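A short write-up of the structure that comes next.
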Protein chains: 2
Amino acid sequence: MPPFIELDMPEMHATPQQNHLLAALPADIQNRLLPKLELVQLPLGKVLYESGDTLRHVYFPIDSIVSLLYVMENGASAEISVVGNEGLIGVAVLMGGESTTSRAIVQSAGDAYRLPSRQFMEEVNRYGEMLHLMLRYTQALITQMAQTAVCNRHHSIDQQLCRWLLLSLDRLPTNDLVMTQELIANMLGVRREGVTEAAGKLHKAGVIEYSRGRIRVIDRPRLEQMSCECYAVVKKETDRLLPFAV
Amino acid sequence: MPPFIELDMPEMHATPQQNHLLAALPADIQNRLLPKLELVQLPLGKVLYESGDTLRHVYFPIDSIVSLLYVMENGASAEISVVGNEGLIGVAVLMGGESTTSRAIVQSAGDAYRLPSRQFMEEVNRYGEMLHLMLRYTQALITQMAQTAVCNRHHSIDQQLCRWLLLSLDRLPTNDLVMTQELIANMLGVRREGVTEAAGKLHKAGVIEYSRGRIRVIDRPRLEQMSCECYAVVKKETDRLLPFAV
DNA sequence: GTCGTTATGTTCGATAGCGCACAGATGGCG
DNA sequence: CGCCATCTGTGCGCTATCGAACATAACGAC
């Protein structure tokens, strides 16, 4: 029943500076990088890389959200972390590992700029601001992963859903998520029914409204209250490490 | 009933090269670093740093094991990762964050070499092999964290105990762990009774024997079979990233 | 408008892990 | 040798989550 409006921005074209990391780079580095950046559209569900793949590019999301997911032998999965316009996908390139054990999958469709790994590393290997910025982002990512582990251990599905919605919301321009409960369940590594139940409670509490693959947050303060501490911990640490990106 | 023998090695003195990362550095870097390294004894339970502390040193364990632990507001905890002679404690220094949201606590007493953060960064900032090695180790650590998150989500206490024992075993010179079930429970973020039960099963299966704060693994292959895939994933990826450290 | 597909809602029994309470065992120390 | 702190074992009721099966609802294509 919520009147979801499709906001297809008329000619809203992306710029690299909408990614906080790119925006934070000094002008000379931006000038070197910009011509090498390629704008790509990331449709929902697209796999940027699979476990073990050599990473050919790194991606700087603009209004897309990408989840890093581990998929187990039996097909069950769990989200490790989530990346939006505050970060980049492809930290393994920076670390020198070239591949990771996780999958990167688009959780919310949108644009991203991508850069071939080689050219990314060329800039990193000037050992300047690029390297240092990327390292700080890496620590923010590590914090998020650590907190995911904690959250998986100790918190209820209800709380985790709140955390997950907040993390997504922070990376989107609106309060509307295009996302089925089934997909959320995959990310959280729980049953779809568990998400249905948790979403039902949030709806009754007047925090969200939703319908067939869309969710709108209508009371964010309440959502933050209902979330476990994990969201706040990650947010605070990310703001500390990357203060410009607030 | 197991005849635990206290193996206090007579004059078994530590050398920096017993830490795999230090050993893997080229000779010139080793020569620069060695005089700055300080051998320290890490007693069980010692906190190397608390959440939010500025990291004054980085630590290279020799025969000690250190756990990175997140402690929640209500006092409950969860292990994020574990570090032994394959790695170092203080990745946040490398990343430029200076502090982390987790606590580093000694899980198994032993020696470590420590290096003031400033001197560590002086070497890192030569942008040579030191930096690249540390980054690769960081990726291994990230993999371990990610797998911890997955394991917390999907696996039973029994399986997690197996994983945990294997991770510890890999970092120790013997098959004996000095470790109460209570402490293991803290690390895994579960009840002590849960660990008692799981340990009982392993004992019945003839995989371990134990008594009052000590555990001996007597059938490691079986332990690996009984563990979830998480152990193998981390092991394999660590070996890939740091092949010398096998 | 109808139909078919996909998303969401609901129920039910099974179970893993929790919190609590207390019993027993072990080993260090006086 | 015996005491006592500490570590380990066990039982009980409770709850969250699971797995499975099925009911209803919403949208999209025709």
Side-chain angles (χ1 to χ4, degrees), chain A residues 1-6 44-45 72 74-78 150-165 176-204 208-216 226 228, chain B residues 1-6 44-45 72 74-78 150-162 164-165 176-205 208-216 226 228:
Chain A
M1 330 352 185
F4 280 115
I5 304 143
E6 196 62 55
L44 179 64
M72 301 198 316
N74 68 10
S77 58
V150 171
C151 204
N152 283 351
R153 161 63 55 224
H154 289 291
H155 297 133
S156 67
I157 295 186
D158 295 12
Q159 291 174 305
Q160 291 186 54
L161 176 59
C162 292
R163 170 181 64 90
W164 192 90
L165 289 173
D176 292 350
L177 317 192
V178 176
M179 176 61 52
T180 65
Q181 299 183 356
E182 177 88 42
L183 278 183
I184 297 178
N186 281 174
M187 300 297 166
L188 296 182
V190 301
R191 286 180 322 150
R192 194 267 311 160
E193 292 91 327
V195 174
T196 296
E197 213 167 332
K201 289 184 202 170
L202 287 179
H203 184 215
K204 271 197 194 99
I208 63 173
E209 40 187 36
Y210 61 95
S211 143
R212 259 191 107 70
R214 287 160 182 272
I215 303 178
R216 169 178 295 163
M226 294 176 77
C228 46
Chain B
M1 342 321 201
F4 280 114
I5 303 143
E6 197 60 53
L44 178 63
M72 302 198 314
N74 68 11
S77 59
V150 172
C151 204
N152 283 351
R153 162 61 57 224
H154 289 291
H155 297 133
S156 67
I157 294 186
D158 295 12
Q159 291 174 304
Q160 291 186 53
L161 177 59
C162 293
W164 193 89
L165 288 173
D176 292 349
L177 317 193
V178 176
M179 176 61 52
T180 65
Q181 299 183 358
E182 176 88 41
L183 278 183
I184 298 179
N186 281 172
M187 300 296 167
L188 295 182
V190 301
R191 285 183 320 151
R192 193 268 312 161
E193 293 90 327
V195 173
T196 297
E197 213 168 331
K201 289 184 202 169
L202 288 179
H203 185 215
K204 271 199 194 100
I208 64 174
E209 40 186 35
Y210 61 95
S211 142
R212 258 191 107 69
R214 287 162 181 274
I215 304 177
R216 168 179 294 163
M226 295 175 76
C228 46

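All values reported here derive from a predicted model rather than from experimental measurement. Note on naming: letters A, B, ... go to the chains in the order of the sequence lines (proteins, then strands), and numbering restarts at 1 for each one.
Rounding to whole angstrom units, CG of residue L161(B) and P of dT8(D) are separated by 12 Å. Between the CD1 atom of I215(A) and the C1' atom of dT8(C) there is a distance of 12 Å, given to the nearest Å. Atom NZ of K204(B) is separated from atom P of dT8(D) by 16 Å (rounded to the nearest Å). Taking atom CD1 of residue I208(A) and atom C1' of nucleotide dT8(C), one finds them 12 Å apart after rounding to whole Å. Nucleotide dG9(C) holds its P atom 12 Å from the CG atom of L202(A), rounded to whole Å. In this entry the distance linking CD of E193(A) with P of dA23(D) reads 15 Å, nearest Å. In this structure, N74(B) atom CG and dC18(C) atom P are separated by 13 Å, rounded to whole Å. Between N186(B) atom CG and dC18(C) atom P there is a gap of 12 Å when expressed in whole angstrom units.
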Inset, instruction - Take R163(A) and L188(A), measure what side-chain contact (heavy atoms from CB on, under 4.5 Å) needs, and give me the verdict at the end. - result: CA-CA 10 Å; R163(A) 170 181 64 90; L188(A) 296 182; 4.3 Å; yes
Inset, instruction - Apply the test side-chain contact (heavy atoms from CB on, under 4.5 Å) to residues R153(B) and M72(A): give CA-CA distance (whole Å), side-chain angles for both, the deciding distance (0.1 Å), then the verdict. - result: CA-CA 11 Å; R153(B) 162 61 57 224; M72(A) 301 198 316; over 6 Å; no
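Using a 4.5 Å heavy-atom cutoff, the side chains of L177(A) and W164(A) are in contact. With a 4.5 Å cut-off on side-chain heavy atoms, I184(B) and M179(B) count as touching. Considering only heavy atoms from C-beta on, L202(A) stays 4.5 Å or farther from I215(A) through its side chain.
The backbone N or O of N152(B) lies less than 3.5 Å from no partner atom in the side chain of Q160(B), so there is not a single donor-acceptor pair.
At the phosphate of dA26(D), neither OP1 nor OP2 sits under 4.0 Å from any side-chain N or O atom of Y210(A).
The side-chain hydrogen bond (donor to acceptor under 3.5 Å, both in side chains) search around N186(A) returns none, not counting sequence neighbours. Residues that satisfy the side-chain hydrogen bond (donor to acceptor under 3.5 Å, both in side chains) test with R192(A), not counting sequence neighbours, are T196(A). The side chain to side chain contact (heavy atoms under 4.5 Å, CB included) search around E193(B) returns R191(B), not counting sequence neighbours.
Scanning both residues, D158(A) and A198(A), for their nearest heavy atoms gives OD1-CB, 3.5 Å. The shortest non-hydrogen separation linking A199(A) to L161(A) is N-CD2, 3.8 Å.
Axis angle between the ends of the helix from dG1(C)-dC30(D) to dG30(C)-dC1(D), five pairs each and rounded to 10 degrees, works out to 30°.
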Legend entry - Reading 5' to 3' through nucleotides 12-18 of chain D, protein heavy-atom contacts under 4.0 Å coded B for base, S for sugar-phosphate only, - for none: -----SB
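Scanning atom types as modelled, one donor and one acceptor separated by under 3.5 angstrom connect the side chain of R192(B) and the base of dG9(D).
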Look for any protein N or O under 3.5 Å of an N or O in nucleotides 1-7 of chain C and output each such pair with its distance, or none.
| from | atom 1 | to | atom 2 | distance (Å) |
| --- | --- | --- | --- | --- |
| dT6(C) | O2 | R212(A) | NH1 | 2.7 |
| dT6(C) | O2 | R212(A) | NH2 | 2.8 |
| dA7(C) | O4' | R212(A) | NH1 | 3.1 |
| dA7(C) | O3' | G213(A) | N | 3.4 |

